[in-house]
Amino acid sequence: MDILFVSKYLVVIALMIMMLAALRASAYKFTSMGLLGSSIVVNAFAVALLIVGGLYNLEFFRDISLALIFFGFVGTVVFSVVLGGGDE
């Protein structure tokens, strides 16, 4: 077995563990922790989708992961601006 092939599976497993830890962190009572946890989950899922899509020759995995990363970032910024209030 190729070491690169095995390392891709190890990275996907590590990303799953990171998603579980981020979900645990987002369960705290503060809104900022929930926002941070959901942002980490979206980014980890997008990276895992890139790796799994490359392993199994899936179609459109790059487009979906790029949209997840872009809209996850934009949603985080918009939510933090709305949560923070205006310059009143």
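- Residues Val12 and Ile17 are members of separate hydrophobic clusters, defined by side-chain heavy-atom contacts under 4.5 angstrom among Ile, Leu, Val, Met, Phe, Trp and Tyr.
- In this structure, the side chains of Asn43 and Phe73 stay at 4.5 Å or more apart for every pair of heavy atoms.
- Side chain of Ser7 to main chain of Ile3: a donor-acceptor pair is present (N/O by atom type, distance under 3.5 Å, no hydrogens or angles).
- Taking 4.5 Å as the limit, some side-chain heavy atom of Val41 sits within range of a side-chain heavy atom of Leu23.
- In terms of modelled atom types and a separation under 3.5 Å, the side chain of Ser39 and the main chain of Leu36 share no donor-acceptor contact.
- Around atom CG of Leu10, more than 12 heavy atoms belonging to other residues, nucleotides or ligands sit under 6.0 Å away.
- Under the 4.5 Å side-chain heavy-atom criterion for grouping Ile, Leu, Val, Met, Phe, Trp and Tyr, Tyr28 is not connected to Leu20 through any hydrophobic cluster.
- Tyr9 OH: more than 12 foreign heavy atoms inside a 6.0 Å radius.
- A pairwise comparison of heavy atoms in Ser26 and Gly37 identifies CB-CA, 3.8 Å as the closest pair.
- When hydrophobic clusters are built by joining Ile, Leu, Val, Met, Phe, Trp and Tyr residues whose side-chain heavy atoms come closer than 4.5 Å, directly or via intermediates, Phe5 is grouped together with Val52.
- Both Leu55 and Leu49 belong to a common hydrophobic cluster when Ile, Leu, Val, Met, Phe, Trp and Tyr are linked at side-chain heavy-atom distances under 4.5 angstrom.
- Between Ala25 and Met33, the closest heavy-atom pair is O-CB, 3.6 Å.
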- Leu50 vs Phe61, side chain to side chain contact (heavy atoms under 4.5 Å, CB included): CA-CA, chis, key distance, verdict: CA-CA 6 Å; Leu50 281 172; Phe61 66 93; 4.0 Å; yes
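- Put simply, NZ on Lys8 and CD1 on Ile13 are 14.5 Å apart, with the number rounded to the nearest 0.5 Å.
- Listed here is the closest heavy atom pair of Ile69 and Ala46: CG1-CB, 3.5 Å.
- Cluster membership check: Leu58 shares its hydrophobic cluster with Met16, using side-chain heavy-atom separations under 4.5 Å among Ile, Leu, Val, Met, Phe, Trp and Tyr.
- For the pairing with Phe45, the side-chain contact (heavy atoms from CB on, under 4.5 Å) check across Leu15, Ile64, Leu68, Ile40 returns one residue only, Leu68.
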